[in-house]
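Numbering starts at 1 and runs along the sequence shown.
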Amino acid sequence: MSTSDFDPNTAENLQEIEKQWAVKTVEQAQVYWNLITKYPPKTLKLTKIDDEIYEDFSQSFPEYIQDPSRLTKLDEDQMKDKQGKERWRNFINRYEKKVKDFNFGTLVRNNSADEYGQFNAMFVTRMQFYAIEIARNRLGLNDEIYEKAKAEAEAEANKASS
């Protein structure tokens, strides 16, 4: 079947395809976790247009910048209710031609103070991930994760050299 004949509205979800997407999202989460535990989050650049994304996010969702605790612990219900979906859809669609895979699914941590896990991961679009994590990094909300990992690495190194 050619892709021009493919209708996503009538397609069945093939288990193997779902597994491949799940693996891809987990791999992306692991890569990001490795980045924020090895490098100061404030220095990370996730895209070529981080500044634009942050500025747009700040204007589109000022409540997150004014009250960073909303970024620390995301409210999934609020993000995914009717009004939240509409606001996010408008934001995400502005990046269709600017960010590769802008609407692909990925994982974001519900609570920025904790590691990814069964109860600390939410499925979002790539643009939601970028907006949230760029803001978390710039506001210092991922610094604690980095500092803790750095201290653990130094303790391990000291232990190994003793």
Side-chain angles (χ1 to χ4, degrees), residues 8 18-156:
E18 288 181 10
K19 285 181 190 174
Q20 289 172 7
W21 279 108
V23 167
K24 188 171 181 149
T25 60
V26 169
E27 286 174 351
Q28 187 271 332
Q30 289 170 333
V31 165
Y32 185 66
W33 182 257
N34 288 338
L35 282 172
I36 64 172
T37 57
K38 302 228 178 348
Y39 302 99
K42 285 184 180 180
T43 66
L44 294 177
K45 193 152 175 66
L46 303 182
T47 74
K48 293 178 181 179
I49 59 169
D50 281 13
D51 292 339
E52 178 182 336
I53 293 169
Y54 182 71
E55 187 63 34
D56 188 10
F57 178 70
S58 298
Q59 291 174 6
S60 300
F61 299 92
E63 66 273 18
Y64 286 97
I65 306 306
Q66 294 164 358
D67 181 5
S69 69
R70 295 176 69 132
L71 278 170
T72 301
K73 291 188 179 177
L74 299 174
D75 183 341
E76 185 171 7
D77 293 334
Q78 182 189 41
M79 288 178 67
K80 296 183 177 183
D81 69 15
K82 186 177 180 181
Q83 182 184 10
K85 282 182 181 181
E86 184 64 27
R87 289 178 74 199
W88 277 108
R89 187 178 308 109
N90 291 334
F91 176 84
I92 292 161
N93 287 336
R94 290 195 288 269
Y95 294 91
E96 181 175 8
K97 302 220 184 301
K98 294 181 179 185
V99 175
K100 184 180 179 193
D101 302 334
F102 76 106
N103 65 349
F104 274 32
T106 192
L107 297 173
V108 70
R109 292 167 297 134
N110 299 26
N111 184 338
S112 65
D114 293 326
E115 200 170 337
Y116 283 97
Q118 180 180 354
F119 301 108
N120 195 39
M122 179 187 340
F123 193 72
V124 296
T125 66
R126 181 83 39 97
M127 276 314 304
Q128 286 173 298
F129 169 84
Y130 284 146
I132 291 165
E133 290 300 339
I134 289 167
R136 283 175 169 175
N137 289 342
R138 292 191 177 195
L139 296 173
L141 302 176
N142 284 327
D143 289 355
E144 186 179 334
I145 296 287
Y146 168 72
E147 293 300 332
K148 182 179 175 187
K150 182 179 166 186
E152 288 172 1
E154 288 172 0
E156 268 308 302

_Separation between CD1 of Ile92 and OH of Tyr130, rounded to the nearest 0.5 Å_ = 13.0 Å
*Between Val108 and Ile132, which heavy-atom pair has the shortest distance, and what is it?*
CG2-CG2, 4.0 Å
*Is there a side-chain contact between Arg126 and Lys100 (heavy atoms, below 4.5 Å)?*
no
*Are any non-hydrogen side-chain atoms of Phe104 and Gln28 less than 4.5 angstrom apart?*
no
*Counting only N and O atoms by type, is there a donor-acceptor contact under 3.5 Å from the side chain of Arg136 to the main-chain atoms of Leu71?*
yes
*Kindly indicate whether the side chain of Tyr54, heavy atoms from C-beta on, has any atom under 4.5 Å from the side chain of Ile65.*
yes
*Considering non-hydrogen atoms only, spot the tightest contact between Tyr146 and Thr37 and give its length.*
CD1-O, 3.8 Å
*Tyr116/Tyr32 aromatic ring centres below 6.0 Å*: no
*If every non-hydrogen atom of Ser60 is compared with every non-hydrogen atom of Arg94, which pair is closest and at what distance?*
OG-NH2, 2.7 Å
*Can you run down the salt bridge (charged side-chain N to carboxylate O under 4.0 Å, His left out) pairs that involve residues 106-124, sequence neighbours left out, and say none if there aren't any?*
Arg109-Glu133
*Apply the test salt bridge (charged side-chain N to carboxylate O under 4.0 Å, His left out) to residues Lys24 and Glu27: give CA-CA distance (whole Å), side-chain angles for both, the deciding distance (0.1 Å), then the verdict.*
CA-CA 5 Å; Lys24 188 171 181 149; Glu27 286 174 351; over 6 Å; no
_Side-chain heavy-atom pair Ile53, Thr47 within 4.5 angstrom cut-off_ = yes
*Do the side chain of Thr72 and the main chain of Pro68 share a donor and acceptor less than 3.5 angstrom apart?*
yes
_Within 6.0 angstrom of Glu147 CD, more than 12 heavy atoms from elsewhere_ = yes
*asked:* Is it the case that over 12 heavy atoms from other parts of the model lie below 6.0 angstrom from the NZ atom of Lys45?
replied: yes
*Which value, rounded to the nearest 0.5 Å, describes the distance between Gln59 atom CD and Phe91 atom CZ?*
10.5 Å
*Asn142 (side chain) donor-acceptor with Pro41 (main chain) under 3.5 angstrom*: no
_Donor-acceptor under 3.5 Å (Asp81 side chain, Gly84 main chain)_ = yes
_Separation between CG of Asn137 and CD1 of Ile36, rounded to the nearest 0.5 Å_ = 7.0 Å
*How close do Asn110 and Ala121 get, heavy atom to heavy atom, and via which atoms?*
OD1-C, 3.1 Å
_Atom pair CG/CZ of Leu44 and Arg138 - distance to nearest 0.5 Å_ = 11.0 Å
_Main chain of Gln128, side chain of Thr125: is a donor-acceptor contact present, judged purely on distance under 3.5 Å?_
yes
*With rounding to the nearest 0.5 Å, note down the distance linking CG in Asp56 to CG in Asp51.*
12.5 Å
*Thinking salt bridges, do Asp75 and Lys80 make one under a 4.0 Å N-O criterion?*
no
*Do Met79 and Met122 have side-chain heavy atoms sitting under 4.5 Å apart?*
yes
*Distance, nearest 0.5 Å, that separates CD1 of Ile134 from CD1 of Ile49*: 8.0 Å
*Proximity of Phe57 and Tyr64 rings by center, below 6.0 Å*: yes
*Sorted by first residue and then second, give each salt bridge (charged side-chain N to carboxylate O under 4.0 Å, His left out) pair with at least one member in residues 60-70; sequence neighbours left out.*
Glu63-Arg87
*Which heavy atom of Ser112 sits nearest a heavy atom of Ile145, and at what distance?*
O-CG1, 3.5 Å
